[in-house]
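The structure appears right after this line, and notes come after that.
First the proteins, then the strands, lettered A, B, ... as listed; each starts at 1.
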Protein chains: 2
Amino acid sequence: MTTTEGSIHELVEHRLRQSDLRYTPGRRAIVELLLRRGQPASIADVEAALPQVPRSSAYRHLVDLQGVGVVRRVAANDDFTRFELAEDLTEHHHHLLCTSCGSVTDVTPTEAFEHAVHAMVEEFSRQEGFAPLSHSLDVLGHCQRCR
Amino acid sequence: MTTTEGSIHELVEHRLRQSDLRYTPGRRAIVELLLRRGQPASIADVEAALPQVPRSSAYRHLVDLQGVGVVRRVAANDDFTRFELAEDLTEHHHHLLCTSCGSVTDVTPTEAFEHAVHAMVEEFSRQEGFAPLSHSLDVLGHCQRCR
DNA sequence: CCATAGAACAAGACTCAGTCTCAATACAAC
DNA sequence: GTTGTATTGAGACTGAGTCTTGTTCTATGG
Ligand SMILES: [Mn+2]
Ligand SMILES: [Mn+2]
Ligand SMILES: [Zn+2]
Ligand SMILES: [Zn+2]
């Protein structure tokens, strides 16, 4: 994936406009934070990094951005939802979930592996009459800091 | 996996005893429900199937059973946690998550596919200093009823 | 038998991440 | 400038899930 940072912002603005939404400073601050972090962020992370963005606004922005396909929710192994940029703005990847501290780490699979996953997903779906849209592979275990 | 229903109950009782817990009728009713359903159950499912088990007791039983490795939490694509029997009492499998109604369907992978997954998980983990314990593959899409 | 300690239970209070409401502002288009 | 619509922040609200508490079982042994 060779999406440049600038083109990402253009794309975000375009998608918001499609829904008559503006790319305001608050929304942009959140997108920039997610870009900068490169790892899923919790609301606590957002608040810590963007104290000027009220919690209720941060939640609303994340919901709006998710609605236009810019942000994706990530379920971790604790009570807190995380958020990251949608895969079509970054690249397809999977997650290592720490069962001790709840942290989430991105990892990128090889193409050969993804081919095998797609084939298996197609097989599952055919069996069950399911229409697949995407998949996620989570590895549970202990992160480097927690081992 | 050839675990018979009887041997599952023996195993559950043994694991509870290890923690000085008894295999009481309420706990057994929940294990039997999960066995019978063969699909992840929400608290609403448990309440509907076992009206004699109070909600607070059902939650406590599920927490206790999870604590001794008999039950596993399953995150769906809605606000409701689901529960299923731990994989070592049934068999390793993956999930089809409906993004429309939230339903979760079990699917069993081929051995060849699981070998590929294990290899990839080892590779991810080595890269990140992560100690893997298990993995889950979720397919998002629309179930047969919702398409 | 009865006594006793610890596990189990039911009911309901409580928590708090996440959502919703509403009044006040900022924009964009004309 | 006027107007219609999107945006924003503060705080009220929701509800799945957890905790507390008083009571009831049940295993053990004297
Ligand atoms: Mn990610
Ligand atoms: Mn399952
Ligand atoms: Zn960790
Ligand atoms: Zn469905």
Which residues in residues 27-53 of chain B have a heavy atom closer than 4.0 Å to any atom of DNA chain D? none
Suppose we screen for side chain to side chain contact (heavy atoms under 4.5 Å, CB included). Which residues come up paired with A/Glu10, at least two apart in sequence or across chains? none
Going through the distances and angles, do B/Glu13 and B/Arg17 end up as a salt bridge (charged side-chain N to carboxylate O under 4.0 Å, His left out)? CA-CA 6 Å; B/Glu13 181 160 20; B/Arg17 285 219 170 119; 3.1 Å; yes
Taking OP1 and OP2 of D/dT7, is either one under 4.0 Å from a side-chain nitrogen or oxygen of A/His61? no
Give me the distances for all protein-to-nucleotides 19-27 of chain C N/O pairs that come in under 3.5 Å?
none

From CG of B/Asp64 over to P of C/dA10, roughly how many Å is that when rounded to an integer? 13 Å
My understanding is that only residues two or more places apart in sequence, or in another chain, count here; which of them pass side chain to side chain donor-acceptor pair (under 3.5 Å) with B/His95? B/Glu84, B/His93, B/Asp106
Let me spell it out: for each of B/Asp20 and B/Pro54, pick the nucleotide of DNA chain C with the closest heavy atom. Which residue's pick is nearer the 5' end? B/Asp20
Could you state the CZ-P distance from B/Arg17 to C/dA8, rounded to the nearest angstrom? 11 Å
Residues two or more places apart in sequence or in another chain: which of them pass side chain to side chain donor-acceptor pair (under 3.5 Å) with A/His135? A/His92, A/Glu114
Given atom CZ of B/Phe80 and atom C1' of D/dG17, what is their separation to the nearest angstrom? 12 Å
Start with the C-alpha gap between B/Glu91 and B/Thr108, add the side-chain angles, then the distance that decides, and say whether side-chain hydrogen bond (donor to acceptor under 3.5 Å, both in side chains) holds. CA-CA 8 Å; B/Glu91 70 179 338; B/Thr108 302; 3.3 Å; yes
Residues which pass side chain to side chain contact (heavy atoms under 4.5 Å, CB included) with A/Tyr59, listed by chain and number, not counting sequence neighbours: A/Ile43, A/Arg55
Residue pair A/Arg72, A/Gln66: steps toward the side-chain hydrogen bond (donor to acceptor under 3.5 Å, both in side chains) verdict: CA-CA 6 Å; A/Arg72 174 170 79 150; A/Gln66 191 187 17; over 6 Å; no
Determine: side-chain N/O of B/Thr81 to OP1/OP2 of D/dA16, distance under 4.0 Å, yes or no. no
Could you tell me whether B/Ser57 contacts a base, only the sugar-phosphate backbone, or nothing, with contacts defined as non-hydrogen atoms closer than 4.0 Å? base
For A/Val53 and A/Ser57, the nearest pair of non-hydrogen atoms, with its separation, is CG1-CB, 4.2 Å
